[in-house]
A.B. asks: 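First the structure, then my questions, so here it is.
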Amino acid sequence: MEAVLQKFGIPSDALIIPITSGIINKTWKVCSVNGNYILQQINDHVFVNPELIHGNITVIASYLKKNYSSYLFPAPILHSAGSQLLKEPGVGYFRVFPFIEGTHTIDVVANPKQAFEAAEQFGRFTAYLGGFNCNQLNVTIPDFHNLSYRYQQFQEALKSGNAERIHNEKSLIDKLTRLQFLVKQYDAITKNNSFKKRVTHHDTKISNVLFNEQDNAVCIIDLDTVMPGYFISDVGDMMRTYLCEVSENEEDISKIKIRPDYYYAIVEGYYKEMQNELTNEEKKHFFFAGQFMIYMQALRFLTDYLHNDRYYQIQYPTHNLVRAINQVVLLERLMEYETEFKKMKL
Ligand code: GN1
Ligand code: MG
């Protein structure tokens, strides 16, 4: 670790504090006499070509700088050999971001204002990049939010996965199978010209937004999965992670409840920035966005559980199962609000 820091010009006696909220990359806060930084080791099983991420960051940073010079975009710093990404042979890929002083991240959305502000930030990011041709971006994880593909992976896990786990989880598997109509709706979207591919963040959880001391959102972070995508990915993942007070890790399903105010806050914040970008057809799909993302995450967690947990970091053997059950309950709770939420006028 010291050797890595030194290459970024950071003194080796810096204090290194792990940040454990992500479940893919490894992240540390580094406090040194030169200033504070965020150090990350990229998970190169998930991001097999980390160079692609940094290609995206570079072109986006330059577009935003040219067209929206006051937009706050925390770009990684360069190491001694002059690039953002440091490859340590046999160890992995590292990058360092400046720590934006006076900001903090939150893990749970505590009030609708935070939800509104986060949604506004993610909407603004896509809207500002409306004039940027998203096809220039590298695809850092192919088929990342392709629901048909995720369903297909689930089907494969049912054939080749852990037989005992498959047997024991039959009722959960049946439930997810009955929700397959959501895959059909997604497939229709991919064939509908009214749905546009835009610069999409694809990981809009609240800890990817920096807040200042007044609790105002100041910028978004984590551009690893920025790729061409549909707006339902970003709006849907906010719904998945902000609507409920407890996270995907909660075992006690009685705590999984929808907070309607937060739904309206997400839609209003995103819409404020994106209303001129979205087509009328897209505007009718805010509710679907939540269903789509929660369902996809349930499939991904269960698929990983059936494959003996090879993708997500887990803290105990049934962790992915708990997460999958949690997401199915969340989806069921959301669907109870279908009529009410669809009445929202845009
Ligand atoms: C992963 O590690 P984190 O929280 O940034 C995953 C997301 C999932 C999320 C579920 C590259 O993101 O898609 O929604 O876990 N990212 C990747 O907690 O797979
Ligand atoms: Mg992420």
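Since the model is a prediction, treat every value here as computed from it, not as a measurement. When a ligand or atom number is given, it counts from 1 through the structure's own listing order. Numbering of residues begins at 1 and proceeds along the displayed sequence.
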A.B. asks: Taking the six-membered ring where the residue is Trp, are the ring centres of Y128 and Y71 under 6.0 Å apart?
C.D. replies: yes
A.B. asks: Under 4.0 Å from any heavy atom of I141, which atoms of ligand 1 are there?
C.D. replies: 11 (C)
A.B. asks: For Q313, which part has a heavy atom under 4.0 Å from ligand 1: side chain, backbone, both, or neither?
C.D. replies: neither
A.B. asks: With heavy atoms only and a cut-off of under 4.0 Å, state how H202 meets ligand 1: side chain, backbone, both or neither.
C.D. replies: neither
A.B. asks: Pick, from Q297, R323, M296, the option with the minimum heavy-atom distance to atom 14 (O) of ligand 1.
C.D. replies: Q297
A.B. asks: Any idea which protein heavy atom is nearest atom 18 (O) of ligand 1, and the distance to it?
C.D. replies: E248 OE2, 2.5 Å
A.B. asks: Tell me if the NZ atom of K175 is crowded by more than 12 foreign heavy atoms within 6.0 Å.
C.D. replies: no
A.B. asks: Determine whether T225 and I141 satisfy the following criterion, side chain to side chain contact (heavy atoms under 4.5 Å, CB included), listing intermediate values before the conclusion.
C.D. replies: CA-CA 7 Å; T225 51; I141 303 179; 4.3 Å; yes
A.B. asks: How far is atom 13 (O) of ligand 1 from the closest protein heavy atom, and which atom is that?
C.D. replies: R300 NH1, 2.8 Å
A.B. asks: State whether a side-chain donor-acceptor pair under 3.5 Å links T303 with Q153.
C.D. replies: no
A.B. asks: Between Y337 and Y263 (judged by ring centroids, cut-off 6.0 Å), do the two rings come close enough to count as a pair?
C.D. replies: no
A.B. asks: For this output row, return yes or no: ring centroids of Y93 and F47 closer than 6.0 angstrom.
C.D. replies: no
A.B. asks: Do R240 and Q327 get their side chains close enough for a donor-acceptor pair, meaning under 3.5 Å?
C.D. replies: yes
A.B. asks: What do you reckon, are the aromatic ring centroids of H285 and F195 less than 6.0 Å apart?
C.D. replies: yes
A.B. asks: Number the atoms of ligand 1 from 1 as they appear, then name those within less than 4.0 Å of a heavy atom of F144, with their elements.
C.D. replies: 11 (C), 13 (O), 16 (N), 17 (C), 19 (O)
A.B. asks: Quick one: look up the protein heavy atom nearest atom 2 (O) of ligand 1 and list residue, atom name and how far away it is.
C.D. replies: I23 N, 2.8 Å
A.B. asks: Mark up the atoms of ligand 1 that fall under 4.0 Å of a heavy atom belonging to G22, in ascending order.
C.D. replies: 2 (O)
A.B. asks: So, does N49 use its side chain to make a donor-acceptor pair with the main chain of T140 at under 3.5 Å?
C.D. replies: no
A.B. asks: Classify the contact between D203 and ligand 1 as side chain, backbone, both or neither, using a heavy-atom distance cut-off of under 4.0 Å.
C.D. replies: side chain
A.B. asks: Would you mind checking which non-hydrogen protein atom is closest to atom 19 (O) of ligand 1, with the distance to 0.1 Å?
C.D. replies: Y311 OH, 2.5 Å
A.B. asks: For ligand 1, which atoms, with element, lie under 4.0 Å from some heavy atom of Y312?
C.D. replies: 15 (O)
A.B. asks: May I ask you to identify the nearest protein heavy atom to atom 9 (C) of ligand 1, giving residue, atom name and distance to one decimal place in Å?
C.D. replies: R240 NH2, 4.2 Å
A.B. asks: If you check every N/O/S atom of D203, which is the one nearest the Mg ion (ligand 2)?
C.D. replies: OD2
A.B. asks: Would you mind naming the N, O or S atom of D222 nearest to the Mg ion (ligand 2)?
C.D. replies: OD2
A.B. asks: In the protein, what heavy atom is nearest to atom 1 (C) of ligand 1, and what distance, to one decimal place, separates them?
C.D. replies: I24 CG1, 3.5 Å
A.B. asks: Is the ring centre of Y151 less than 6.0 Å from the ring centre of Y186?
C.D. replies: no
A.B. asks: Centre of Y305's six-membered ring, under 6.0 Å away, within 45 degrees of the axis: is that where NZ or CZ of R165 sits?
C.D. replies: yes
A.B. asks: Note the single closest protein heavy atom to atom 4 (O) of ligand 1, along with its residue, its atom name and the distance in Å.
C.D. replies: K205 NZ, 2.6 Å
A.B. asks: How does N25 reach ligand 1, if at all, at less than 4.0 Å between non-hydrogen atoms: by side chain, backbone, both, or neither?
C.D. replies: neither
